[in-house]
Amino acid sequence: MTTSTNRNAVVRFDDTRFIYRTNFSGDPERDRFGSDRRQFNVVIPSDQQAHDLEMAGVNVRWTQPNPNYTYDGEFISRPFVRVNVNLESKWPPEIYLIAPNGVKTLLTPETVGVLDSIRVKNVCCQAKMAEKKNQPGAYTLYAQYVYVEQAADPFPDPYAERYTIPEADTEMAPASEDDMPF
């Protein structure tokens, strides 16, 4: 991570995950406060990176234990940060969905909302630090590149194999006049 306060500083979060609800679609119903801002929260992979971000002026938050939940072991607080997704900018972020079979798809403003409803296996993100206009020395993160690996379905379809036609049988041979029933 670059910790300098220069305008082009970038932060990378490799092999992490989203935390809480994502709002790639910008749907106010998905946001606790009714905002239509496209954004997500990502777990910061290391406490050292979280500390460096805090020192650089980024608002790093830490998970808190839920008083209504009984934990099996000791609760471990995790650092996380909000990343904004500005698809209407001059240089919008590149957001990719990596399917379980490895196919990489660049998502558009119309299709990026699919990330709000899939199971996620892994996230890699590069974000740019931008100084807040009304708070000198405080920074917000804006996504530049996001790669989201979709998790395979934990409940495999028991009928998929049974009703899959082998590729060799899907091509139909051209019919001759002798093959016509009329």
Side-chain angles (χ1 to χ4, degrees), residues 1-46 48-64 78-154:
M1 183 203 78
T2 306
T3 56
S4 69
T5 55
N6 103 22
R7 296 169 54 95
N8 297 320
V10 296
V11 182
R12 290 181 60 179
F13 304 106
D14 294 334
D15 301 319
T16 188
R17 62 186 172 87
F18 296 130
I19 188 168
Y20 305 121
R21 289 178 82 174
T22 60
N23 195 6
F24 283 95
S25 61
D27 181 0
E29 295 292 319
R30 292 196 56 80
D31 188 80
R32 207 167 76 170
F33 303 106
S35 173
D36 64 352
R37 179 177 288 166
R38 295 176 192 250
Q39 59 192 4
F40 59 88
N41 292 302
V42 67
V43 173
I44 301 171
S46 74
Q48 182 61 50
Q49 187 178 21
H51 175 72
D52 291 347
L53 285 168
E54 286 175 327
M55 297 305 294
V58 176
N59 182 17
V60 173
R61 295 180 285 170
W62 294 78
T63 57
Q64 301 296 317
R78 301 277 185 227
F80 67 96
V81 68
R82 174 175 294 143
V83 178
N84 295 297
V85 180
N86 187 357
L87 297 172
E88 291 77 32
S89 76
K90 188 174 181 180
W91 296 283
E94 292 180 18
I95 302 172
Y96 296 94
L97 171 61
I98 312 301
N101 63 0
V103 174
K104 179 174 83 170
T105 303
L106 176 63
L107 300 174
T108 66
E110 293 77 27
T111 61
V112 73
V114 72
L115 298 178
D116 294 335
S117 61
I118 65 167
R119 294 180 196 272
V120 175
K121 176 181 175 183
N122 187 45
V123 176
C124 290
C125 171
Q126 178 174 300
K128 182 177 180 180
M129 292 174 58
E131 190 168 21
K132 295 180 179 180
K133 292 179 183 174
N134 298 332
Q135 295 178 318
Y139 290 84
T140 301
L141 298 178
Y142 286 89
Q144 285 185 313
Y145 301 97
V146 182
Y147 287 77
V148 180
E149 291 180 60
Q150 183 178 9
D153 189 355

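Note that the structure is a prediction, hence the values are computed from the model and not measured. Computed from heavy atoms alone, side chains included, the values below leave out hydrogens, waters and symmetry copies.
- Here the shortest heavy-atom pairing between Trp62 and Phe80 reads C-CE2, 3.8 Å.
- Taking a 6.0 Å sphere around NZ of Lys121, one finds it holds 12 or fewer heavy atoms contributed by other residues, nucleotides or ligands.
- Pairing each heavy atom of Pro109 with each of Leu87, the nearest pair is CA-CD1, 3.8 Å.
- Residue Val60 comes nearest to Pro79 through the heavy atom pair CG1-CB, 4.0 Å, listed as atom of the first residue, atom of the second, then distance.
- For the atom pair CG of Asn59 and CD of Gln135, the computed distance is 9.0 Å after rounding to the nearest 0.5 Å.
- Every residue meeting the side-chain contact (heavy atoms from CB on, under 4.5 Å) condition with Thr16, not counting sequence neighbours, appears here in chain and number order: Phe13, Val42, Val43, Pro45, Val123.
- Partners of Asn84 according to the side-chain hydrogen bond (donor to acceptor under 3.5 Å, both in side chains) rule, which considers only residues two or more places apart in sequence or in another chain, do not exist here.
- For the pair Leu141 and Ala127, the tightest heavy-atom approach, listed with the atom from each and the gap, is CB-CB, 4.1 Å.
- By the side-chain hydrogen bond (donor to acceptor under 3.5 Å, both in side chains) test, Arg37 pairs with no residue at all, sequence neighbours left out.
- Distance check: Ile19 CD1 to Arg82 CZ gives 12.5 Å after rounding to the nearest 0.5 Å.
- Counting only residues at least two apart or in different chains, salt bridge (charged side-chain N to carboxylate O under 4.0 Å, His left out) contacts with residues 13-26 comprise Arg12-Asp14.
- In this structure, Glu131 and Gly137 approach most closely via the heavy-atom pair OE2-N, 2.6 Å.
- Residues meeting the side-chain hydrogen bond (donor to acceptor under 3.5 Å, both in side chains) test with Thr108, sequence neighbours left out: Glu110, Thr111.
- Nearest heavy-atom pair across Ala50 and Ile44 is N-CG2, 3.6 Å.
- One finds the OH atom of Tyr142 at 14.0 Å from the CZ atom of Arg38 (value rounded to the nearest 0.5 Å).
- Here Ser46 pairs with Gln48, Gln49 under the side-chain contact (heavy atoms from CB on, under 4.5 Å) rule; sequence neighbours left out.
- Using modelled atom types, one side-chain atom of Thr63 and one backbone atom of Arg78 make a donor-acceptor pair closer than 3.5 Å.
- Residues forming a side-chain contact (heavy atoms from CB on, under 4.5 Å) with Tyr96 (at least two apart in sequence, or on another chain): Glu94, Ile98, Lys104, Leu106, Tyr147.
- Every side-chain contact (heavy atoms from CB on, under 4.5 Å) that Gln150 has, sequence neighbours left out, goes to Leu97, Pro100, Ile118.
- Crowding of Glu29 atom CD: a count of heavy atoms from other residues, nucleotides or ligands under 6.0 Å not exceeding 12.
- Every residue meeting the ring pair (Phe, Tyr, Trp, His ring centres under 6.0 Å) condition with Phe40, not counting sequence neighbours, appears here in chain and number order: Phe18, Phe24.
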